[in-house]
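Source: prediction; values computed, not measured. Chain A is the first sequence line, chain B the second, and so forth, proteins listed ahead of strands; every chain is numbered from 1.
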Amino acid sequence: MDIEKAVSEQMELISMGAVEIIPVEELREKIKRSIESSRPLTVKLGVDPTRPDLHLGHSVPLTKLKHFQQLGHQVVLIIGDFTALIGDPSEQDETRPVLSPEDVEANARTYVEQASKIIDTSRARIVRNSEWLAPLSFRDVIQLASKFTVARIMERDDFSRRLKENRPLGLHEFLYPLMQAYDSVALDADVEIGGTDQKFNLLAGRNLQKSLGKSPQCIITLPLLVGTDGVQKMSKSLSNDISLTDPPDEMFGKVMSISDEVMWDYYALISGLKPRDIEEIRMAVEAGEISPRDAKERLAIEIVKRYYSEKEAFSAAEEFKRIFRERKVPTEVPVYVLDPADFPDAKVWIVDLLVRVNFATTKSEARRLIHEGGISIDGESVRDVNLEVNPQDLKGKIIQKGKRTFIKIELK
RNA sequence: GGGGGAGUGCCCGAGUGGUUAAAGGGGGCGGACUGUAAAUCCGUUGGCGCAGCCUACGUAGGUUCGAAUCCUACCUCCCCCA
């Protein structure tokens, strides 16, 4: 029978990059029934509109959602406008600023906009959880709470850890998993996806559905994307992130800067390519037919393409080659306008100039750069810290710092 | 309410009276190499027109020829008991 084969094919795509699928057999069953009855599964992803700055890490679950969409399932993106007011304690920050409804609204819009670059939002359901959470009465909440035991909530290790370490743990934080779980009930979710840090919350949904006599959802956890440092999870505060608002060239460059090993995680989690295609590339690299550099270039192109266009992705690739392989000056160099009137005796001290154009924040740093041979003017390395130039002579010249920072001087 | 501990450079973390602008690591920056802004190696990482000077070890005072190191007060954080 071809059904088994179809199920396996779906499972292959769904499992790609996933850390855990709980329980796997149950998911197979669901998919099988879905195919047999040609009734799509309801797949849920919840996002908290708590921040405006999204990065590639946020696209991991969205990419998985896209996989489901490709397989013809019904995906639901839940904007946690209600839960955002509490703040998921999963990250133990504690210092979470209270967001105004306007902020939440703005962030929600950004989120949907970014999501639309990955999933087909016209075929997805996009809902806000205030829709069903806001009307709940205190009595409803208590009734829901009775379905959970404290011991069970304490299974969550960040809760128990915080308690053990005598760090504050708000009662309201206990209710967070409950709210997220209720989302699953309200939607009759078949599958919920989330990061590994969400495992507990996802399981809470499954448990709550069971206690209310509904069919429990399967859960899929996905790894947290490693940042450009190759070690820690991607996060803006660690400044190892690739922001979705980074211009194409920068996004491309940052992807090229990830290590060869983590490139495969990126492929599996956010390239949008099929498992087979990725496997093919991987084999070719292992066989030495494709260099890791080229494989990474392909990855960078795929990623930039998602957020911009194919054209911009290719031109970013060209530019990258130009600067780093051929060591040439980029096609577009930012311009710094120098006013000769600032220099009455027609002399600019190189150290001052470097600070002026922001290549260094202090004169000491500027000196250091020169000592280290990191500065050149029109390709000629500057060695003399005391160098003085006539501003007129700088017109049209390109000053370079390190390998990738350029600025062109123009006169006022 | 009682008892105890800690605050060091971007971050972590040594240092308990004198070559300490402060070990070591991380991160950043620069260089070499290369297949890339991978990996690896090397250098550098308070300020100042810098062979010198100034400012720095929670804050403010004090002891001393001399303090990040000792004393006093204050602030902040943490732990134990209630």
Side-chain angles (χ1 to χ4, degrees), chain A residues 56 92 94-95 161-168 226-243 246-267 281-282 284-304 313 316-330 343 345 347-376 381-389 399-406:
Chain A
L56 284 184
Q92 71 199 339
E94 204 52 47
T95 40
R161 195 177 59 239
R162 276 163 68 183
L163 205 63
K164 205 179 292 168
E165 290 170 1
N166 288 299
R167 292 182 18 235
V226 174
T228 50
D229 58 355
V231 183
Q232 285 176 290
K233 69 168 185 184
M234 184 174 286
S235 111
K236 177 150 186 159
S237 51
L238 293 170
S239 60
N240 63 355
D241 63 317
I242 302 177
S243 168
D246 281 341
D249 287 353
E250 199 172 332
M251 189 182 273
F252 188 93
K254 283 187 182 175
V255 174
M256 288 304 281
S257 83
I258 62 173
S259 70
D260 291 356
E261 297 94 81
V262 305
M263 135 167 98
W264 301 111
D265 291 338
Y266 276 55
Y267 258 117
I281 298 170
R282 197 191 182 117
V285 168
E286 272 166 24
E289 290 156 19
I290 299 181
S291 86
R293 200 213 82 94
D294 292 341
K296 212 184 287 177
E297 178 182 65
R298 169 80 194 275
L299 172 69
I301 288 173
E302 289 298 333
I303 290 172
V304 174
E318 284 311 307
E319 191 70 359
F320 187 85
K321 269 184 204 153
R322 183 182 165 84
I323 300 172
F324 297 104
R325 188 181 281 181
E326 298 162 20
R327 290 283 170 93
K328 281 189 191 154
V329 174
F343 309 94
D345 47 358
K347 276 180 183 169
V348 194
W349 180 30
I350 182 69
V351 170
D352 268 336
L353 185 68
L354 292 177
V355 174
R356 244 168 208 274
V357 302
N358 267 325
F359 277 8
T361 49
T362 63
K363 292 179 186 174
S364 295
E365 193 186 333
R367 282 166 179 278
R368 226 175 277 137
L369 278 168
I370 295 170
H371 276 130
E372 293 166 344
I375 296 297
S376 58
S381 178
V382 174
R383 290 281 158 195
D384 182 9
V385 181
N386 297 309
L387 179 71
E388 288 185 330
V389 242
I399 306 182
Q400 181 177 359
K401 173 194 158 216
K403 291 180 185 116
R404 57 180 195 272
T405 319
F406 302 83

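- You won't find any donor-acceptor pair under 3.5 Å spanning the side chain of A:T362 and the base of B:C48, going by distance alone.
- Comparing the C1' positions of B:G7 and B:A60 gives an interatomic distance of 16 Å, to the nearest angstrom.
- In the interface, the side chain of A:D260 is paired with the base of B:G35 through a donor and an acceptor atom under 3.5 Å apart.
- Comparing the P positions of B:C33 and B:A38 gives a spacing of 15 Å, expressed to the nearest Å.
- Looking at A:P292 and A:K296, their side chains never come closer than 4.5 Å, going by heavy atoms from C-beta outward.
- For A:S257 and B:U36, the shortest distance from a side-chain N or O to OP1 or OP2 is not below 4.0 Å.
- Nucleotide B:A14: unpaired (no Watson-Crick or G-U wobble partner with both distances less than 3.5 Å).
- Distance check on atom P: B:U8 versus B:C78 gives 15 Å, rounded to whole Å.
- Across all strands, A:G253 comes closer than 4.0 Å to base atoms (heavy-atom distances).
- Paired with A:I370 under the rule side-chain contact (heavy atoms from CB on, under 4.5 Å), one option of A:D384, A:V385, A:L387 passes, and it is A:V385.
- B:U72 and B:G5 are spaced 13 Å apart, taking the P atom of each and rounding to whole Å.
- Spacing of P atoms, B:U19 relative to B:G30, comes out at 34 Å, to the nearest Å.
- Comparing A:V385 and A:K254 against RNA chain B, the residue whose closest nucleotide sits nearer the 5' end is A:K254.
- Side-chain contact between A:F252 and A:E297 is present, with at least one heavy-atom pair separated by less than 4.5 Å.
- A:R327 comes within 4.0 angstrom of a base, heavy atoms only.
- No engagement by A:D229 is indicated, since no non-hydrogen atom pair under 4.0 Å with the nucleic acid exists.
- Here A:R322 does not pair with A:E318 in a salt bridge; the nearest charged N to carboxylate O distance is not below 4.0 Å.
- One finds no side-chain N or O of A:K363 lying less than 4.0 angstrom from the OP1 or OP2 phosphate oxygen of B:G47.
- The distance between atom CZ of A:R356 and atom P of B:G49, rounded to the nearest whole Å, is 14 Å.
- Nucleotide B:G1 has B:C81 as its partner under the Watson-Crick or G-U criteria, with both atom distances under 3.5 Å.
- The nucleotide B:A6 finds its pairing partner in B:U76, both defining distances of the Watson-Crick or G-U wobble pair being shorter than 3.5 Å.
- For the pair A:N386 CG and B:C50 P, the interatomic distance rounds to 10 Å; values are reported in whole Å.
- Scanning all heavy atoms of the two residues, the minimum distance from A:W349 to A:K363 falls at CZ3-CD, 4.2 Å.
- Residue A:S259 is in sugar-phosphate contact alone, with no base atom involved, counting any heavy-atom pair closer than 4.0 Å across all strands shown.
- Taking atom P in both B:C42 and B:G26, one finds a spacing of 11 Å when rounded to whole Å.
- A:K296 has its NZ atom 11 Å from the P atom of B:U36, to the nearest Å.
- Taking the six-membered ring where the residue is Trp, A:W264 and A:Y267 present parallel rings, their angle staying beneath 30° rather than reaching 60°.
- Counting heavy atoms from C-beta outward, A:I303 and A:I242 have side chains that stay 4.5 Å or more apart.
- The partner of B:A56, taking Watson-Crick or G-U wobble pairs whose two distances both stay under 3.5 Å, does not exist in any strand shown.
- For A:N240 and B:C11, the CG to P distance is 18 Å, given to the nearest whole Å.
- Using a 4.0 Å heavy-atom distance criterion, A:E388 is classed as a base contact.
- Note on A:R368: only backbone sugar-phosphate atoms sit closer than 4.0 angstrom, heavy atoms only; bases stay farther off.
- The base-pairing partner of B:G61, taking Watson-Crick or G-U wobble contacts with both distances under 3.5 Å, is B:C71.
- For NZ of A:K347, the number of neighbouring non-hydrogen atoms (other residues, nucleotides, ligands) closer than 6.0 Å is 12 at most.
- At a threshold of 4.0 angstrom between heavy atoms, the contacts of A:R325 are confined to the sugar-phosphate backbone, with no base atom among them.
- The CZ-P distance, from A:R322 to B:U36, rounds to 16 Å in whole Å.
- Evaluation of atom-type donor-acceptor distances gives no pair under 3.5 Å for the side chain of A:E372 against the base of B:G31.
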**Message:** What verdict does the side chain to side chain contact (heavy atoms under 4.5 Å, CB included) test give for A:V285 and A:D260, after you've listed the backbone C-alpha separation in whole Å, the side-chain angles of each residue and the deciding distance to 0.1 Å?
**Reply:** CA-CA 11 Å; A:V285 168; A:D260 291 356; over 6 Å; no
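- Base-pair partner of B:A21: not found among the strands shown (Watson-Crick or G-U wobble, both distances under 3.5 Å).
- Rounded to a whole Å, the CD1 atom of A:I375 is 14 Å from the C1' atom of B:U44.
- Counting non-hydrogen atoms under 4.0 angstrom, A:K321 reaches nothing in the nucleic acid.
- Across the C1' atoms, B:G18 and B:C70 are found 14 Å apart, a figure rounded to whole Å.
- Straight-line distance from the NE2 atom of A:H371 to the P atom of B:A51: 10 Å, rounded to whole Å.
- At the heavy-atom level, A:I323 lies nowhere under 4.0 Å from the strands shown.
- Of all nucleotides listed (B:G31, B:G35, B:C50), B:C50 comes nearest to the side chain of A:R367.
- With distances taken from any side-chain atom of A:K403 to the nucleotides B:G47, B:U36, B:G31, the minimum falls on B:G31.
- The CZ atom of A:F252 sits 11 Å away from the P atom of B:U36 (whole-angstrom rounding).
- When the nucleotides B:U36, B:U34, B:G49 are ranked by their closest atom to the side chain of A:W349, B:G49 comes out on top.
- Distance check on atom C1': B:G27 versus B:C11 gives 7 Å, rounded to whole Å.
- Candidate nucleotides B:U36, B:C29, B:C48 were compared by shortest atom distance to the side chain of A:L369, and B:C29 ranks first.
- Both distances falling under 3.5 Å, in either a Watson-Crick or a G-U wobble arrangement, place B:G27 opposite B:U45.
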